[in-house]
Amino acid sequence: MNKELEKTYLPKKIESRIYQIWEKSGYFNPDNLPGPRKQTFSMAMPPPNVTGELHLGHATALTIEDILIRYHRMQGKKTLYLPGTDHAGISTQIMVEKLIAKSGLDRHKLGRAAFLKQAWAWKKKYGTRITGQIRQLGASCDWSREHFTMDETFTAAVQTAFVRMYKDGLIYRGDRIVNWCTRCSSALSDLEVKHQQTTSKLWYIKYPLFGSTKYLVVATTRPETMLGDTAVAVNPQDKRYKRYVGKTILLPLTNREVPIITDKRIDMNFGSGVVKITPAHDNLDYEIGADHKLPIINVIGPDGRMTKEAGEFYGKSVQETRHQILQRLEDEELLEKTLDYIHNLARCDRCGSPVEPLISKQWFIKAKILAKPAIAAVKSGQIKIVPQRFEKVYFHWMNNIKDWCISRQLWWGHQIPVWYRGDQVRASITKPSGQGWRQDEDTLDTWFSSGLWTFSTLGWPKKTKDLKLYHPTSVIETGWDILFFWVARMTMMSLYFMKEIPFKTVYLHGLVLDRHGKKMSKSKGTGVDPIPMTEKYGTDAIRLSLILGTTAGQDFRVYEEKIAGYRNFINKLWNVSRFILSQPKSKGKLILKSSADHWIINRLNQLKKNVASNIENYRFSDAGTAIYEFLWHEFADWYVEISKVEKNIPILNYILENFLKISHPFIPFVTEEIWSRWKGGAKKNLLMIQDWPSDDKKLINKKTSEQFQLIINLVTNIRNFRAVHKIPPRAKLSVYFWGKHSHTITSNSNNVKTLAYLDKLEGQKQRKATGSLPGLEYFIDYKQDNHSKKKEITAVSQYIQKLESKLSNKKFLAKAPPAIVSSEKDKLAEQRDKLQKLLK
RNA sequence: GGGCUCGUAGCUCAGUUGGUUAGAGCGCACGGUUCACAUCCGUGAGGUCAUAGGUUCGAAUCCUGUCGAGCCCACCA
């Protein structure tokens, strides 16, 4: 291996090689980790869609998860990060349908078996793309335990779960109103329906009273459903219509006679206050219909076309029927008026087609029963949600949960393990014995299977060693947008089947937005594709750009310049390392000599603690910022600069070694690469399995360390002086200093050298003070112009005034803690002193 | 209708339990390249912390109202 580092860090060449080394080492598998490792730390990776492509949302999740995993691995824990992919029922099926549509086919023409063959071929083709991309992000997950939600063992787990719940009476089948996507030809759960604000019309239609010339006016957004009306309803309090209650309406077009009923769910103030009731095609109407035992007439079929019940409109589309009905009503002078109206249109979350509420035979889970312990688990603090405010959202959803429709009329998925023969129904994994059994054709909601993710990936329903060791998992990490879809379902499922929580902490990251603060959209081209970015700027830079400046649960923006900025940081680390590794070898012991030595070791020590505690408290941004600040603005800007005149090579090596460890969870590639060039790439030496560095307290003399801060301040002041007075950087300056701490500088040859080098100083002279720092006054032998002096006097005077008024406030003196009061007094004394010097 | 988040420098954002004269990155201005890095170094300008009240010795931070931006949930046809 070439130890000499190139001038700049070239991620493209390095990263895939590094990942291969990690993977081949076997250390992603906790069984192979060295050492005793008593504690465990485990996480299940949220499985991405097997045929999908990695986007920044995934990248965010993978980064945070991998930081936690690498950190805990270095903390000496038996650490498992279990990866996998999801079959993603609807999404994948849509993709395959699009594919076969190109050859003029649809799935029904193809048939179930042939379609599934195509889908599996598609999965095979793209299934490795996403796992390759997960590797590209640096995820240190155990591929030997990888799962796919439709692989054999996982399918067996899904079937077992279904059968058990069915036998326990938690799953039932029934005719109920469901959300129906006409494009997917499938039922959807409430969560898979998105409401989109749409401009539409509100039509006011005259409904004639039976046996009268009078009529009631109903307002509707869906005139075509009037063919399925089985009542007209008003609020019982509504005086306008009281006298009509109990009478009947002669429904236009169909001339059916329907009752006028009352229901308190009717809003008197909306529209005309009279509502047409269509139990078959509206959620609320369905409930009202059920309570009033109204008949149900299905006029829209699963194909989105009118049924035979729609009479003359049979076979027509909803849109066409609406159009014709409105025309007819107008012709018959039954259309009173039409208003513009904005309402929420229900659409399929996956394909965007309008969703029709209609009645259909589906499988449901009694969710309320499952929700109870899931609520308790969070309430009791067994499960902690970060950020905590999402607990409220979780409770609201759980408390109002409705039965979960789990059957889908899709082919790509787990076929429901229920068998029929005549009137007989059997739930079982295998076909019951005997002739003539036919399996339910439907498949299960994808989220039913992913709800089992934390424990089925560890071997459930078998009682495995893994399950005992790694469940409950330590943390689940995901975007807040799938709190209900996944986190809530996993909690319910785990508590039901495992009788234990699936994870102790839920960390929810924010969603990634584009530079304008909008959701990234592939079709609009506003998204940033992480994969080309990793190639251009390096994965480590991407990882930092997803962590720094972000907070749990808060959406954040990502754009290329940001990534480029972190690339610069990575390059800085590369070059600091290049500098240190190019120094002559030194076998010297770690001895702290100068105040700079004490200072930098002290700062490093604080960094160790800071990063560890921030990771443990899920404050990844703070941890990452501390790493960034230390390396660039403390180590590189000060210590490495100084080492050019006064070198302590063992310390340089020590800092670099420790820094590589501390920053490794965040920027694994560059750190491992530098490490392996330095220490050799032997498997035992890999950075990823090093121990988290220990405390340096014993080494540090705190006072000496603090002295260096004085040097920093002095250097900065002199540089400032130089810039203000336009003194060329190379022009030598004479500075003289005295005061309480002047000894610090003059007695220490390192410090004198440091100052001379950093500030290009020479000579000493005694004169009145030009500037002062706490305990130190200095004179720069250069004529200060009046303008800048005046400016400084004004600033100091203002500050003094502020302090004086604070300290003359009796209440402040009486009530503020003594420490605060005395520190304010010190400040005032200092400033007065400073002012005096300035006025001399 | 219910709920949540955000509003801090030109831009993107930090700011932990209230306590130095409110910070960073980018951008901008000025200056700097033999000797790790121009993906660099130094210095600087720039903010009445959306707004009005309140609590407090003390508020960007806690409370209330208002304005503005965004999001989630929900069966107003």
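In the text below, chain A, chain B and the rest are named by the order of the sequence lines, each starting its count at 1.
The side chain of A:Phe484 lies closest to B:rC73, out of B:rA36, B:rC73, B:rG25. Distance from the side chain of A:Pro817 is smallest for B:rG19 among the nucleotides B:rG19, B:rU39, B:rA77. Of the listed nucleotides (B:rC41, B:rU21, B:rC6), B:rU21 has the atom at the smallest distance from the side chain of A:Tyr799. For A:Tyr559, the listed nucleotide lying nearest its side chain is B:rU12; candidates were B:rU21, B:rU12, B:rG25. In this structure, of B:rG19, B:rU43, B:rU21, it is B:rG19 that holds the atom nearest to the side chain of A:Ile820. Of the candidate nucleotides B:rC73, B:rG42, B:rC37, B:rC73 has the atom nearest to the side chain of A:Lys194. You'll find that the side chain of A:Arg619 is closest to B:rG15, out of B:rC75, B:rG15, B:rC41. For A:Gln831, counting side-chain heavy atoms from C-beta on, the closest listed nucleotide (B:rA36, B:rU21, B:rA77) is B:rU21.
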Please determine whether side-chain hydrogen bond (donor to acceptor under 3.5 Å, both in side chains) holds for the pair A:Ser613 and A:Glu616, giving the CA-CA distance in whole Å, both sets of side-chain angles, and the decisive distance to 0.1 Å. CA-CA 5 Å; A:Ser613 88; A:Glu616 278 161 30; over 6 Å; no
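Looking at heavy-atom distances under 4.0 Å, A:Ser582 makes no contact with the nucleic acid at all. A:Ala814 comes within 4.0 angstrom of no nucleic acid atom, judged by non-hydrogen atoms across all strands. If you check every strand for non-hydrogen atoms under 4.0 Å, A:Trp480 touches sugar and phosphate atoms only. When heavy atoms are screened at a 4.0 angstrom cut-off, A:Arg389 is found touching the sugar-phosphate backbone but no base atom.
Regarding contacts with the backbone of B:rC72, every side-chain N or O of A:Lys392 stays at 4.0 angstrom or more from both OP1 and OP2. Between A:Lys572 and B:rC41, a side-chain N or O to OP1/OP2 separation shorter than 4.0 Å is present. Close to B:rG58, at under 4.0 Å from its OP1 or OP2, lies no side-chain N or O of A:Asn809. The side chain of A:Trp632 contributes an N or O atom lying less than 4.0 Å from OP1 or OP2 of B:rC41. One finds a side-chain N or O of A:Asn720 lying less than 4.0 angstrom from the OP1 or OP2 phosphate oxygen of B:rG44. A:Thr551 has a side-chain polar atom (N or O) that falls below the 4.0 Å cut-off from OP1 or OP2 of B:rA14. For A:His633 and B:rG25, the shortest distance from a side-chain N or O to OP1 or OP2 is below 4.0 Å.
No N or O donor and acceptor, one from the side chain of A:Arg557 and one from the base of B:rU12, sit under 3.5 Å apart. The base of B:rA36 sits with one of its N or O atoms less than 3.5 Å from a complementary donor or acceptor on the side chain of A:Glu641. Between the side chain of A:Lys7 and the base of B:rC37, no donor-acceptor pair under 3.5 Å is found.
Here the two rings, on A:Phe569 and A:Phe666, have centers that are 6.0 Å apart or farther.
Two residues are said to be in side-chain contact when any heavy atoms from C-beta on lie closer than 4.5 Å; A:Ile342 and A:Gln197 meet this criterion.
Taking the ring centre of A:Tyr628 as origin, the terminal cationic atom of A:Lys572 falls outside the region bounded by 6.0 Å and 45° from the ring axis.
Across all strands shown, B:rG23 forms a Watson-Crick or G-U wobble pair, both distances under 3.5 Å, with B:rC13. In this entry B:rG70 has B:rC4 as its Watson-Crick or G-U wobble partner, both defining distances falling under 3.5 Å.
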